[in-house]
Amino acid sequence: AQTVTQSQPEMSVQEAETVTLSCTYDTSESDYYLFWYKQPPSRQMILVIRQEAYKQQNATENRFSVNFQKAAKSFSLKISDSQLGDAAMYFCAYRSGGYTGTASKLTFGTGTRLQVTL
Amino acid sequence: DSGVTQTPKHLITATGQRVTLRCSPRSGDLSVYWYQQSLDQGLQFLIQYYNGEERAKGNILERFSAQQFPDLHSELNLSSLELGDSALYFCASSVGVAGGRPYEQYFGPGTRLTVT
């Protein structure tokens, strides 16, 4: 079974600075997808960024980018120019590449709470 | 706004009771997933439906059941409720195999269930 580990329960960053959230995963599969979801105090789960394992290029979405190291099974999220609105819980998630059985389910890490200070 | 709707937003009920949570997926999405978020278990996959049929089961208790209707909305039924069932229940939807990015899931706002 796949596992996702987020070893940083809490992180803090000053406004306008850059912060990196860590995520490692364990899988024997070669085809999979990785995601970062943001959960603000409203509790809504918001998809921030996705990475297809077959792509070597790291995904980027505006101020959010990832560092995907497939061999090391590492998938970190970098937030640049941090804003107060970035304060939230961030979850790393794994999805298998298939569409049968439980392949489509998301397996989540335990989350990292990000605080943004002035 | 993800386009996924869930009702009700909050539900307070007593132990032993039965409740139904409702989810409407994004327009065009065929797959619906149910997840439970609790303090001790984190975010866990419960069950998936695809175009009206059960596709996959996760850590779903026998007291829980779900279905997806012809209009693609889904309901999660929780019965014989226990204090430990108190959690945030999310519904998510995806396109399925047909198109777009079928591997992406978009979440509804969740239903907060409190069992007293």
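Below, each value reflects all heavy atoms present in this structure, side chains not excepted, and no hydrogens, waters or symmetry copies. Lettering follows sequence order; numbering is per chain, from 1.
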Measuring from atom CD of A/Gln44 to atom CG of B/Leu88, what distance do you get when rounded to the nearest 0.5 angstrom?
10.0 Å
Please tell me whether B/Tyr89 and B/Val115 are part of a single hydrophobic cluster in this structure, the criterion being side-chain heavy atoms less than 4.5 Å apart.
yes
Rounded to the nearest 0.5 Å, what separates atom OH in B/Tyr106 from atom CG in A/Leu47?
5.0 Å
Side chain to side chain contact (heavy atoms under 4.5 Å, CB included) with A/Leu106: which of B/Glu104, B/Gln105, B/Gln44?
B/Gln105
Got more than 12 heavy atoms from elsewhere within 6.0 Å of CZ, A/Arg113?
no
Show the nearest heavy-atom pair for residues A/Arg43 and B/Phe90, with the distance to one decimal.
O-CZ, 3.1 Å
Are the side chains of A/Gln39 and B/Phe107 in touch, meaning some heavy atoms are under 4.5 Å apart?
no
Given the rule that I, L, V, M, F, W and Y join up when any side-chain heavy atoms are under 4.5 Å apart, are A/Met45 and B/Leu113 in one cluster?
no
Would A/Val4 end up clustered with B/Tyr35 when hydrophobic side chains under 4.5 Å apart are linked, directly or stepwise?
no
Mark yes when over 12 heavy atoms from residues, nucleotides or ligands other than B/Leu39 sit less than 6.0 Å from its CG; otherwise mark no.
no
Looking only at the side chains, is there a donor atom on one of A/Glu52 and B/Tyr103 sitting less than 3.5 Å from an acceptor on the other?
yes
